[in-house]
Amino acid sequence: MDGHAPQARSRWAEGGPCPMRAERRTMSLAYWFREGPAEPIEDGTIQYGPGKGLPKLVFEGMNNAHTLVQKIATVDPVRKKIILIQPGEKALYVSGLREAGVVGYLYLFAHANAQRLQGAVDLGEITRVIHRSGLWHRQPILIDACNAGASADGVASNLAQALQTYVTAPTTLTWNRPMGGGAVGQGTFEKLPGILSRLPIPDFFRPGQWRTWGPDGHPIATTRTSPRDGGELVKGQLAHELTRKQ
């Protein structure tokens, strides 16, 4: 299930442009309502839509019907981002494109649950995309995807071990405004309680956390803010070590 709505978009588990400033991108209303050609699932560059011209890589993952399919990873070489959200999810894909990235980190924008990132059954699919992107030079990684940092044997901890680096990810849902704008309503929050959980609005009284996993796969820090939200994740010598490994 993917819970999305115009005000804020949470990125749940999926199946188990030229590099200009995204804030300045303008798209006609026709983009949101027309049925354009499907983006070819092949290595190369994005051919259609707001990501046109950006490099793309193919990987395998489960779709909402629990079928293993080929998917596209969009690579932003300027902002050091890999967008695993598929171009067909127009609003959320645009949200990924306009994220500014985080200096000193490789930024992954995706759907996730505690065990899978963008439906990838084999974590090797994700590590191959990271290596082939040409963006990763052993710097820390920030995963902006629901619940990716929630489990001791989950996406973030396993990725940290596989790449022998530091990985930061949220322990709850993440919320993003699809069209950019102010940061109110963005970040990591729990859902509203009870029947209100169906609303596309986070529970501002229950903020989530961001957890950093070390190269050994163990957690080393948990905070309310992440580098994406302008917060310094950790301080002192550890913070120096994280940024030194760029």
Problem set entry | Closest non-hydrogen atom pair between S157 and G217, with its separation | CB-O, 3.5 Å
Exercise. Do the side chain of T165 and the main chain of Q139 share a donor and acceptor less than 3.5 angstrom apart?
Worked result: yes
Problem set entry | For L57, the option from V129, L84, I130 that meets side chain to side chain contact (heavy atoms under 4.5 Å, CB included) | V129
For this session: With rounding to the nearest 0.5 Å, note down the distance linking CD in Q86 to CG in L92.
Result: 11.0 Å
Problem set entry | Beyond-backbone contact of P77 with L54, side-chain heavy atoms, under 4.5 angstrom | yes
Exercise. Is there side-chain contact between R138 and L163, with at least one heavy-atom pair below 4.5 Å?
Worked result: no
Problem set entry | Euclidean distance, E99 CD relative to Y107 OH, rounded to 0.5 Å | 3.5 Å
For this session: For residues A162 and L123, report the shortest heavy-atom separation together with the two atoms involved.
Result: CB-CD2, 4.4 Å
Seminar exercise, completed: Nearest heavy-atom approach of P50 to V94 is CG-CG2, 3.8 Å
Exercise. Would you say the side-chain atoms of T171 pair up with the backbone N or O of Q209, donor to acceptor, closer than 3.5 Å?
Worked result: yes
Problem set entry | Interatomic distance, R116 atom CZ to N147 atom CG [nearest 0.5 angstrom] | 14.5 Å
For this session: Could you tell me the separation between the CD1 atom of I82 and the CD1 atom of I143, rounded to the nearest 0.5 Å?
Result: 10.5 Å
Exercise. Is there a path of hydrophobic side-chain contacts, each under 4.5 Å between heavy atoms of I, L, V, M, F, W or Y residues, that connects Y48 with I72?
Worked result: no
For this session: Compare every heavy atom of D43 with every heavy atom of V58, then report the nearest pair and how far apart it is.
Result: N-OD1, 2.9 Å
For this session: Using side-chain contact (heavy atoms from CB on, under 4.5 Å) as the criterion, list what pairs up with E125, not counting sequence neighbours.
Result: F59, E60, A120, D122, R128
Exercise. Hey, is the main chain of G101 close enough, under 3.5 Å, to the side chain of R79 for a donor-acceptor pair?
Worked result: no
Problem set entry | Beyond-backbone contact of L142 with W210, side-chain heavy atoms, under 4.5 angstrom | yes
For this session: Please round to the nearest 0.5 Å and tell me the distance separating atom OG1 of T127 and atom CG of L117.
Result: 11.0 Å
For this session: Evaluate the side-chain proximity of L159 to L108: yes if any heavy-atom separation is below 4.5 Å, no if none is.
Result: yes
Seminar exercise, completed: Nearest heavy-atom contact between Q70 and I41 is CB-CG2, 3.5 Å
Problem set entry | Inter-residue atom distance L106.CG - S133.OG, 0.5 Å rounding | 6.0 Å
Seminar exercise, completed: Exactly one candidate in Q47, K52, K56 meets side chain to side chain donor-acceptor pair (under 3.5 Å) with E39; the answer is K56
For this session: Using atom types as modelled and distance alone, determine if a side-chain donor or acceptor of H218 lies under 3.5 Å from a backbone N or O of P215.
Result: no
Exercise. Side-chain heavy atoms under 4.5 angstrom apart, residues restricted to Ile, Leu, Val, Met, Phe, Trp, Tyr: same cluster for I141 and W213?
Worked result: no
Exercise. Taking K81 for the side chain and L97 for the main chain, is one N or O donor matched with an acceptor at less than 3.5 Å?
Worked result: yes
Exercise. Do we see a donor-acceptor contact under 3.5 Å between the side chains of Y105 and T168?
Worked result: no
Seminar exercise, completed: Heavy-atom nearest pair, Q115 first then D153, reads OE1-O, 3.0 Å
